[in-house]
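Before any comments, here is the structure.
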Amino acid sequence: LVIALAVGAFLFQPWLIFVDNEVDDEIPVAVTAPPNASGTPQPGASVILSTGTLISHEHDTSGKVSVIKKPDGTRVLAIENLDTTTGPDVHVWLSDGEVKEGVGGWRTAADANNVDLGPIKGNKGNQVYTIPATVDLADYSAVFLWCVRFSVSFGAATLAAP
């Protein structure tokens with residue numbers, strides 16, 4: 001019984017539900033539409049390519065996601081006002097998995113194509129993740145906060161043009 005409890009505690013890390021880790025990355029200021037008559041952004045402007053709103057899956061999750069192209073051509077995923085619970089091995093994924101409400105959406109990213117942008121920095125606040133230059137954003141229509149250890153989504157957002 002003691003061994004089973006120790007293994008369960010190691011796998012599930014239940015104490016994490018009581019721990020908050022707030023992050024406050026600087027999110028680039030970006031425009032959603034070209035601001036000049038020629039139809040191109042002003043030089044030096046970051047542009048929002050797509051946005052979405054996080055919905056809850058396994059854990060209550062909220063916040064806004066944006067894919068932003070910076071003036072130097074690099075792209076980032078910004079998560080604003082994230083609020084979820086802490087969990088073991090949660091990663092930020094770009095995915096082509098379908099975002100569904102409720103329990104039916106908990107595992108839709110499991111077998112979908114994805115790009116792992118890395119472990120989640122914290123369960124609250126503003127966060128920025130670099131998107132590799134080799135990623136074709138047209139292949140990924142969603143963002144998932146994915147618990148790798150248990151193959152379940154904490155929350156997800158469908159990406160759409162602003």
*Would S62 and D83 count as a side-chain contact (heavy atoms from CB on, under 4.5 Å) if you check the C-alpha gap in whole Å, the side-chain angles of each, and the deciding distance to 0.1 Å?*
CA-CA 5 Å; S62 62; D83 189 5; 3.6 Å; yes
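- What you find for H91 and D116 is that their closest heavy atoms are ND1-OD2, 2.9 Å.
- With L159 as the partner, the side chain to side chain contact (heavy atoms under 4.5 Å, CB included) test is satisfied by one option alone out of L94, V99, T51: L94.
- Distance check, rounded to the nearest 0.5 Å: NZ of K64 to OG1 of T53 gives 7.5 Å.
- Tracing side-chain contacts under 4.5 Å through hydrophobic residues (I, L, V, M, F, W, Y), one never reaches V148 starting from I120; they form parts of separate clusters.
- With 3.5 Å as the limit, one finds no donor-acceptor pair spanning the side chains of S95 and N114.
- Judged by distance alone, the side chain of Q127 and the main-chain N or O of G122 form a donor-acceptor pair under 3.5 Å.
- Residue pairs that meet the side chain to side chain donor-acceptor pair (under 3.5 Å) test with at least one member in residues 130-146, sequence neighbours left out, do not exist here.
- Under the 4.5 Å side-chain contact rule for hydrophobic residues, I79 and I48 do not share a cluster.
- Note: the hydrophobic cluster containing L82 does not contain V128 (ILVMFWY, side chain heavy atoms under 4.5 Å, direct or indirect links).
- With sequence neighbours excluded, the residues that form a side chain to side chain contact (heavy atoms under 4.5 Å, CB included) with T74 are K70, D72.
- In this structure, the separation between OG1 on T86 and CG on D20 is 5.5 Å, given to the nearest 0.5 Å.
- Annotation: side chain of V90 is not in contact with side chain of T84 (no heavy-atom distance under 4.5 Å).
- One side chain, D96 or N113, offers a donor N or O that lies under 3.5 Å from an acceptor on the other.
- Between P132 and L117 the shortest side-chain heavy-atom distance falls below 4.5 Å.
- Rounded to the nearest 0.5 Å, atoms NZ (K69) and CG (L49) are 7.0 Å apart.
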_What verdict does the side-chain contact (heavy atoms from CB on, under 4.5 Å) test give for T61 and I55, after you've listed the backbone C-alpha separation in whole Å, the side-chain angles of each residue and the deciding distance to 0.1 Å?_
CA-CA 6 Å; T61 301; I55 63 167; over 6 Å; no
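- For the pair N123 (side chain) and N21 (backbone), a donor-acceptor distance under 3.5 Å is present.
- Listed by chain and number, the hydrophobic cluster partners of V23 come to none, as no ILVMFWY side chain reaches under 4.5 Å of it.
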Less than 3.5 Å apart, which donor and acceptor atoms pair up between the side chains of residues 100-110 and the rest of the protein, not counting sequence neighbours?
residue, atom, partner, partner atom, Å
W106, NE1, H57, O, 3.4
R107, NH1, F150, O, 3.1
R107, NH1, S151, O, 2.4
T108, OG1, E98, O, 2.5

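- Listed by chain and number, the residues in a ring-ring contact (aromatic ring centres under 6.0 Å, His included) with F154 are H59 (sequence neighbours excluded).
- Both V143 and I131 belong to a common hydrophobic cluster when Ile, Leu, Val, Met, Phe, Trp and Tyr are linked at side-chain heavy-atom distances under 4.5 angstrom.
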*Take S66 and E80 through the test side-chain contact (heavy atoms from CB on, under 4.5 Å) and record every step on the way to the result.*
CA-CA 8 Å; S66 301; E80 295 179 75; 4.1 Å; yes
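- A heavy-atom distance below 4.5 Å is not found between the side chains of R75 and I68.
- Using a 4.5 Å cut-off on side-chain heavy atoms (C-beta onward), S46 and V31 make no contact.
- With sequence neighbours left out, the side chain to side chain contact (heavy atoms under 4.5 Å, CB included) criterion links D60 to S56.
- Here the side chain of N126 pairs no donor or acceptor atom with the backbone of D25 at under 3.5 angstrom.
- Hydrophobic clustering of Ile, Leu, Val, Met, Phe, Trp and Tyr side chains at less than 4.5 Å, counting indirect connections, unites V65 with V135.
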